[in-house]
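Whatever order the structure lists them in is the order used to number ligands and atoms, beginning at 1. Note that the structure is predicted; figures quoted are calculated from it, not measured.
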Amino acid sequence: MKNCLKKQGKLFVVTGPSGVGKGTILNKFFENNKENVCYSVSMTTRKPRPVEVDGVNYFFVSKEEFEKAVKNDEFLEWAEYSGNYYGTNKNFVYEKLNNGVNVILEIETQGAKKVMEKFPDCISIFFAPPSIEELEHRLRGRHTEDEASIQKRLNAVKLELCCIENYKYNIINDEVEAAYNKLQAVYDYETSDKEERNDD
Ligand code: ADP
Ligand code: 5GP
C-alpha cells in the first residue's frame, strides 16, 4: 500500500579532514542540485575568511553567543575543533526534513559521530585525501589558515582517518570531477524510490 504521509527528507552527513575538498565538491554539487535539497549553515566562533559571507558560509558569532545557544539547546550537535566551536542548528534541520527536503551537513568527525548515533539512518559520507602529503599541500595552498591552525588541523587527521570504516560511503577526493560524480551517484541512489518500489 502506498504511504499517504508526506515523505521525510534524507539527512546526509559529509565529513573528512580539513582541506580534503569537502567545500569544493559540495559547491559543485549545489550548482547542479537546486531542488529539494539544502545546505545546513552552521554557527561558528571562528573568524570569517575574506571571501566568507555571514549567513551563507556560517553564522559567525562570539564565544558568548555560541555558549548561550548551547544552553538553549539549539544544536543538533556541536564540537570544538582547532580552537573554535562549530554547531548545527536543530530547528532548521528538523523543519527541512519534516517538509520532505533533503539536508546536507558538512561537519567534522566528532559531530558526524554524534549525528550518526542520533540518526542511524542518515547517509554518512567520508571524504579521504589521496595522501597526507597532498592534504597538507591543499591546506597550505588554500592560504586561509595561519601556521598554528594548519598544525592543529594536521594533528587531527590521524584520529579522523581511524574511523573511516564507520561511514556508509568513502570517497577519495583525488580529482574534483571524479569525486563530485561519486557524490552525485550516492545522492541519486539514496534519494531514488528504491524502497517505495518494493511497496507496490
Ligand atoms: P575542506 O572544505 O575539506 O576544508 P576545501 O574544499 O576548502 O576543503 O579544499 C581545500 C583546498 O584544496 C582548496 O584550495 C581547493 O581548491 C583544493 N582542492 C579541493 N579538491 C581538490 C582536488 N581534487 N585536487 C586538487 N586540489 C583540490
Ligand atoms: P573550517 O574552519 O575549515 O570552516 O571548518 C573546520 C571543520 O569544522 C570542517 O571539518 C567543517 O566541516 C567543520 N564544521 C563546520 N560546521 C560544523 C558544525 O556545525 N559542526 C561540526 N561538528 N563541525 C562543523
Side-chain angles (χ1 to χ4, degrees), residues 11-31 38-61 65-66 69-70 74-93 103-119 122 124-146 148-157 159-161 163-164 167 170-183:
L11 183 61
F12 290 79
V13 178
V14 171
T15 191
S18 178
V20 71
K22 302 183 293 296
T24 304
I25 306 296
L26 282 175
N27 280 342
K28 220 170 157 45
F29 174 84
F30 279 103
E31 277 168 23
C38 69
Y39 180 81
S40 162
V41 178
S42 297
M43 192 185 272
T44 185
T45 59
R46 172 169 73 61
K47 295 277 164 288
R49 295 170 185 151
V51 294
E52 287 179 327
V53 177
D54 190 32
V56 174
N57 303 97
Y58 284 105
F59 294 103
F60 295 99
V61 296
E65 284 173 285
F66 195 98
V70 171
E74 289 176 27
F75 293 121
L76 189 71
E77 64 71 38
W78 67 273
E80 186 172 0
Y81 174 86
S82 186
N84 288 299
Y85 294 139
Y86 297 83
T88 302
N89 185 281
K90 190 159 58 179
N91 286 347
F92 175 85
V93 173
V103 179
I104 312 265
L105 307 184
E106 180 192 349
I107 60 179
E108 52 70 66
T109 55
Q110 306 168 75
K113 186 166 181 278
K114 290 180 206 162
V115 176
M116 286 154 70
E117 284 164 3
K118 272 192 201 165
F119 297 83
C122 76
S124 56
I125 303 163
F126 185 90
F127 277 98
S131 68
I132 302 296
E133 292 71 26
E134 173 62 15
L135 180 71
E136 180 167 357
H137 178 70
R138 287 182 194 172
L139 204 46
R140 290 188 183 285
R142 197 169 64 183
H143 300 294
T144 50
E145 260 64 47
D146 61 19
S149 176
I150 289 175
Q151 287 308 329
K152 280 188 200 158
R153 285 162 192 253
L154 289 174
N155 285 339
V157 175
L159 207 60
E160 291 168 334
L161 286 172
C163 301
I164 192 165
Y167 304 95
N170 293 164
I171 298 176
I172 297 175
N173 178 18
D174 203 340
E175 199 271 318
V176 172
E177 195 64 27
Y180 157 68
N181 286 335
K182 285 181 187 159
L183 175 66

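Proximity of K114 to ligand 2 is not established, as no heavy-atom distance is less than 4.0 Å. Not a single heavy atom of G141 sits under 4.0 Å from any atom of ligand 1. Assignment of N27 to the shell around ligand 1 is not supported, since no heavy atom sits closer than 4.0 Å. Heavy-atom separations between G16 and ligand 1 are all 4.0 Å or longer.
Cation-pi geometry between K90 and W78 is not satisfied (NZ or CZ under 6.0 Å from the ring centre, within 45° of the ring normal).
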R46/T44 under side chain to side chain donor-acceptor pair (under 3.5 Å): CA gap, chis, key distance, verdict | CA-CA 5 Å; R46 172 169 73 61; T44 185; 5.3 Å; no
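With atom 5 (P) of ligand 1 as the reference point, the heavy atom nearest to it among L135, T24, L26, V20 is part of T24. Atom 2 (O) of ligand 2 has its nearest heavy-atom neighbour, among F127, Y81, Y86, in Y86.
With rounding to the nearest 0.5 Å, the separation of OG in S42 from CD1 in I107 is 7.5 Å.
At a 4.0 Å heavy-atom cut-off, ligand 2 touches R49 through the side chain alone. When heavy-atom distances to ligand 2 are checked against a 4.0 Å cut-off, Y58 comes that close only through its side chain, counted from C-beta outward. When non-hydrogen atoms are compared, ligand 2 lies under 4.0 Å from the side chain of K22 (C-beta onward) but not from its backbone. In E175, the part holding a heavy atom less than 4.0 Å from any atom of ligand 1 is the backbone. When non-hydrogen atoms are compared, ligand 1 lies under 4.0 Å from neither the backbone nor the side chain of I25. By the criterion of a heavy-atom distance under 4.0 Å, neither the backbone nor the side chain of E52 is placed next to ligand 2. If you look at R46 next to ligand 2, the close heavy atoms, those under 4.0 Å, all belong to the side chain. Here P17 has backbone heavy atoms under 4.0 Å from ligand 1, and that is the only part of it that gets that close. Heavy atoms of Q110 found under 4.0 angstrom from ligand 2: none, in either backbone or side chain.
Checked by distance only, ligand 2 and E145 stay at 3.5 Å or farther apart across all their nitrogen or oxygen atoms. Ligand 1 has no nitrogen or oxygen under 3.5 angstrom from a nitrogen or oxygen of E134. The distance criterion of under 3.5 Å between nitrogen or oxygen atoms is met by G87 with respect to ligand 2. Of the N or O atoms in W78, none lie within a sub-3.5 Å distance of an N or O in ligand 2.
Distances below 4.0 Å separate heavy atoms of E106 from the following atoms of ligand 1: 2 (O). Residue-ligand proximity, D174 to ligand 1, at heavy-atom distances under 4.0 Å covers atoms 22 (C), 23 (N), 24 (N).
The side-chain heavy atoms of T109 and L159, taken from C-beta on, include no pair separated by under 4.5 Å.
Among protein heavy atoms, atom 3 (O) of ligand 2 sits closest to R153 NH1, 2.7 Å.
Between F66 and F75, the ring-plane angle classifies as parallel under the 30° and 60° cut-offs.
A salt bridge links K28 to E177: one of the charged nitrogens lies within less than 4.0 Å of a carboxylate oxygen.
The side chain to side chain donor-acceptor pair (under 3.5 Å) test with R140 singles out one residue from H137, H143, E136, and that residue is E136.
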